[in-house]
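Please read the structure below before turning to the comments.
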Amino acid sequence: MIDLNKIMQDIKRGVAEFIDESRIFDLIKNYYEKGENFYVKAGFDPTAPDLHLGHTVILNKMALLQKHGAIVQFLIGDFTAQIGDPTGKSATRKKLDNETVVKNAKTYEEQVFKILDKSKTKVMFNAKWLNELGAAGIVELTSVFAVARMLERDDFEKRYKSGNSISISEFLYPLLQGYDSVAMKCDIEMGGTDQKFNLLMGRTLQRTYNIGKEQAIIMMPLLEGLDGVNKMSKSLGNYIGVTENENDMFAKVLSISDELMWRWYELLSQRSNDEINTLKKQVENGEYHPKKAKEDLAFEITKRYHGEEKAKKAQNEFNSIHTKNELPTDMPTFEMNAPAWIVEALSFCKLSPTNSQARRDLAANAVSIDQVKTKDDQLKLKNGEYVLQVGKRKFAKLKVI
């Protein structure tokens, strides 16, 4: 017998806020009693070519809903990406050209099916209906919402009061996102907590356009990145991309704090609440080492995106390097002419992004040559082969000729 309350408990895990939770319950109930599917929407503007684990917080929840009757409408905002989502921005975001949007959208399609059930997913592009809407339709759309209401949005209000520019196109963004819900006739829309204004717009416009339904909303928290402080972001460099190689993915998960580990278990793991609670008690009671719990999480995440075989190899590689103090079995190889200045060598081998950072890495005693630490920023490497290392995870083989 289906336990609807247990299903809802699983769905509630990690959720920051529901709007119209009873409707979500009824949708799932109808699926099990009448076989009726329901439609769950989440929109992604293809502003960058890669998804990271922060994006998967929503995708994981959508995958769970697919098991209970949801057809996921994965919306790629190819039209709205050319306007730019102003959420959380202190200035107007630069527009993307169509070529970049199309290229990034293609990579999104390839990546989401690492998580979502392809047979229960519809990939949709909002240019289809927003281009058809035309100028007259957009003018009509702008008439349903007042400027005063738009300025109630937190980021708009802050920019307006501080005298920072807000373009008219940015006012259009939440209206167009809301209209997506009208065109898609979705039952549930998902997004991050920073998207609340836009998500509510979808409910408002579905009611205004009288489509016969009003979407429920599931808001997920923003996942903290590797630093444990800021939300995961490529611009902050605190992210793990879903396409990163297995060794980096495994090692990066193990680098997070013990406190952040439980947050990641809640939002990223596919283990049940009971399993996680049991594991947490075992760690608290000293029955299970927190490093082993973190290693289990790293293995689970790496396995999901690379398969079990590669996850096992990544685990063995990590243990060889960090436990047995051995070198990686596979390192990128570079060549430089002699004499090779260590500062330039570190940036040339992509171990430090710039010469300035290479100097800082040396000063911080983070650099090793053939597993021997060095802080000498004037060192010149003669002819030969060297293994360069920065920190615990970055290695390269340098041939000086």
**Option from V57, V40, I217 for which side chain to side chain contact (heavy atoms under 4.5 Å, CB included) with M190 holds** =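 Going through the options one by one, the only one that passes is V40.
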
**Item:** For L141, the option from L176, L130, T208, V182 that meets side chain to side chain contact (heavy atoms under 4.5 Å, CB included)
**Value:** L176

**Message:** Under the criterion side-chain hydrogen bond (donor to acceptor under 3.5 Å, both in side chains), I'd like the reasoning laid out for D377 against W341: C-alpha separation, chi angles, the key distance, then a yes or no.
**Reply:** CA-CA 8 Å; D377 63 4; W341 180 30; 6.0 Å; no

[Y]/[X] salt bridge by N-O under 4.0 Å criterion:
{"X": "K252", "Y": "E244", "value": "yes"}
{"X": "E317", "Y": "K313", "value": "no"}
{"X": "E224", "Y": "R263", "value": "yes"}

Close side-chain approach of [X] and [Y], heavy atoms under 4.5 Å:
{"X": "F74", "Y": "E109", "result": "no"}
{"X": "L388", "Y": "F348", "result": "no"}
{"X": "E17", "Y": "K196", "result": "yes"}
{"X": "K114", "Y": "T56", "result": "no"}
{"X": "Q66", "Y": "S119", "result": "no"}
{"X": "L362", "Y": "L346", "result": "yes"}
{"X": "I369", "Y": "L381", "result": "yes"}
{"X": "I28", "Y": "D26", "result": "no"}

**Item:** From CA spacing to verdict: side-chain hydrogen bond (donor to acceptor under 3.5 Å, both in side chains), Y288, D296
**Value:** CA-CA 11 Å; Y288 208 73; D296 291 344; 2.6 Å; yes

For the residue pair [X] and [Y], confirm or rule out a side-chain donor-acceptor distance under 3.5 Å.
{"X": "N277", "Y": "D274", "value": "no"}
{"X": "E300", "Y": "S269", "value": "yes"}
{"X": "D227", "Y": "N230", "value": "yes"}
{"X": "N319", "Y": "Q315", "value": "no"}
{"X": "Q206", "Y": "R203", "value": "no"}

Which heavy atom of [X] sits nearest to which heavy atom of [Y], and what is that distance?
{"X": "S233", "Y": "N238", "value": "N-OD1, 2.8 Å"}
{"X": "A314", "Y": "F250", "value": "CB-CB, 3.9 Å"}
{"X": "K41", "Y": "S181", "value": "NZ-OG, 2.8 Å"}
{"X": "E385", "Y": "K397", "value": "OE1-CD, 4.2 Å"}
{"X": "M261", "Y": "L297", "value": "O-CD2, 3.9 Å"}
{"X": "K294", "Y": "D258", "value": "NZ-OD1, 2.9 Å"}

Is the [atom1] atom of [X] crowded by more than 12 outside heavy atoms at less than 6.0 Å?
{"X": "E110", "atom1": "CD", "answer": "yes"}
{"X": "K281", "atom1": "NZ", "answer": "no"}
{"X": "E287", "atom1": "CD", "answer": "yes"}
{"X": "K373", "atom1": "NZ", "answer": "yes"}

**Asked** What do you reckon, are the aromatic ring centroids of F125 and F79 less than 6.0 Å apart?
**Response**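 No: the rings miss the under 6.0 Å criterion.
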
**Item:** Y31 ring center within less than 6.0 Å of F38 ring center
**Value:** no

Approximate separation, where rounding is to 0.5 Å, of [X] [atom1] and [Y] [atom2]:
{"X": "I11", "Y": "L64", "atom1": "CD1", "atom2": "CG", "value": "5.5 Å"}
{"X": "I218", "Y": "K12", "atom1": "CD1", "atom2": "NZ", "value": "11.5 Å"}
{"X": "K303", "Y": "E309", "atom1": "NZ", "atom2": "CD", "value": "12.5 Å"}
{"X": "Y179", "Y": "E140", "atom1": "OH", "atom2": "CD", "value": "8.0 Å"}

Keeping [X] on the side-chain end and [Y] on the backbone end, is there a donor-acceptor pair under 3.5 Å?
{"X": "K213", "Y": "K185", "answer": "yes"}
{"X": "N37", "Y": "A70", "answer": "no"}
{"X": "Q389", "Y": "G391", "answer": "yes"}
{"X": "E275", "Y": "S272", "answer": "yes"}

**Request:** Any chance you could lay out the side-chain contact (heavy atoms from CB on, under 4.5 Å) test for L51 and Y108, step after step, and finish with the verdict?
**Result:** CA-CA 7 Å; L51 297 174; Y108 274 25; 3.7 Å; yes

**Message:** Does I240 form a side-chain contact (heavy atoms from CB on, under 4.5 Å) with L226? I'd like the steps, not just the answer.
**Reply:** CA-CA 8 Å; I240 301 177; L226 297 171; 3.9 Å; yes

**Request:** Please report the C-alpha distance between E284 and K280 in whole Å, then the side-chain angles of each, then the deciding distance to 0.1 Å, and finally whether the salt bridge (Lys or Arg N to Asp or Glu O under 4.0 Å) criterion is met.
**Result:** CA-CA 6 Å; E284 290 172 352; K280 197 170 185 178; 5.1 Å; no

**Prompt:** Please walk me through it: do L172 and I138 pass side-chain contact (heavy atoms from CB on, under 4.5 Å)?
**Reply:** CA-CA 9 Å; L172 275 177; I138 289 177; 3.8 Å; yes

**Item:** Pairs involving residues 115-139, ordered by first then second residue, that meet salt bridge (charged side-chain N to carboxylate O under 4.0 Å, His left out) (sequence neighbours left out)
**Value:** none

**Request:** For the pair I2 and H68, evaluate side-chain contact (heavy atoms from CB on, under 4.5 Å) and give the outcome as yes or no after the intermediate values.
**Result:** CA-CA 10 Å; I2 299 298; H68 303 295; over 6 Å; no

